[in-house]
Amino acid sequence: MWIRSGFVLPYLPEAQRQNEVVQKVMIDAACAYAGGGYDVVLDGILGPWLLDAFRAECRKRDLDLSYVVLRPSLEVTLSRASQREGRHLKEIEPIVGLYGAFRNMGPLEGNVIDSTSQSVEQTTVEVVDGLRTGRFAAG
């Protein structure tokens with residue numbers, strides 16, 4: 001899903017209202033799909049600051065919630081970001097800032113995968129295994 005007009009880079013202060021709308025849309029859509037019996041994966045920069053809203057809606061709808069953070073080293077993160085195409089975030093300063101927001105996950109540190117030296121396939125296996133065992137439970 002993309003915002004076609006009026007898009008503001010989400011890490012800028014003036015994007016607050018946009019980010020609130022996007023968050024609500026993500027939560028509503030994800031919960032609707034999950035309520036319909038589908039497994040749902042949201043892929044993006046979904047910080048722990050969003051979890052309370054997800055938890056509340058999942059509880060209302062009696063849905064399970066898992067939360068996984070893929071956190072390679074900063075060096076690998078910057079390298080991967082520089083290879084992105086299109087509108088994806090590539091600027092170093094906001095990437096470093098966002099990386100810092102995920103550096104210390106506190107009680108959610110067990111939900112983190114260090115994917116620095118993993119292939120896509122290895123990361124996928126670790127995510128699937130963690131989902132199966134409940135390692136990433138966040139509800």
With heavy-atom distances below 4.5 Å as the criterion, would you say the side chains of [X] and [Y] are in contact?
X     : Y     : result
Leu78 : Val96 : yes
Ile27 : Leu50 : no
Ile3  : Val22 : yes
Leu65 : Leu63 : no
Asp52 : Arg55 : yes
Tyr11 : Ile45 : no

Given the rule that I, L, V, M, F, W and Y join up when any side-chain heavy atoms are under 4.5 Å apart, are [X] and [Y] in one cluster?
X      : Y      : answer
Leu46  : Ile113 : no
Leu51  : Val127 : no
Val125 : Val41  : no
Leu98  : Val112 : yes

For this session: Report the residues that fulfil salt bridge (charged side-chain N to carboxylate O under 4.0 Å, His left out) with Arg135, sequence neighbours left out, ordered by chain and then residue number.
Result: Glu126
Exercise. Once you round to the nearest 0.5 Å, how far does CD1 of Ile92 lie from OG1 of Thr77?
Worked result: 12.0 Å
For this session: Can you measure from CZ (Phe102) to CG (Leu108) and round to the nearest 0.5 angstrom?
Result: 10.5 Å
Is it true that, when you exclude [X] itself, more than 12 heavy atoms of the residues, nucleotides or ligands shown sit nearer than 6.0 Å to its [atom1]?
X     : atom1 : result
Glu75 : CD    : no
Gln16 : CD    : no
Glu93 : CD    : no
Asn19 : CG    : yes

Check: [Y] main-chain N/O paired with [X] side-chain donor or acceptor under 3.5 Å:
X      : Y      : value
Asn111 : Val69  : no
Tyr99  : Pro72  : yes
Ser73  : Thr116 : no

Show the nearest heavy-atom pair for residues [X] and [Y], with the distance to one decimal.
X      : Y      : value
Trp49  : Ala101 : CZ3-CB, 3.8 Å
Asn104 : Arg71  : N-NH1, 4.4 Å
Gln118 : Arg80  : O-NH2, 4.1 Å
Ala32  : Arg61  : N-NH1, 3.5 Å
Phe136 : Gly130 : CE1-CA, 3.3 Å
Gln23  : Ala53  : NE2-CB, 3.1 Å

Problem set entry | Carboxylate-amine/guanidinium contact Lys60 Glu57, below 4.0 Å | yes
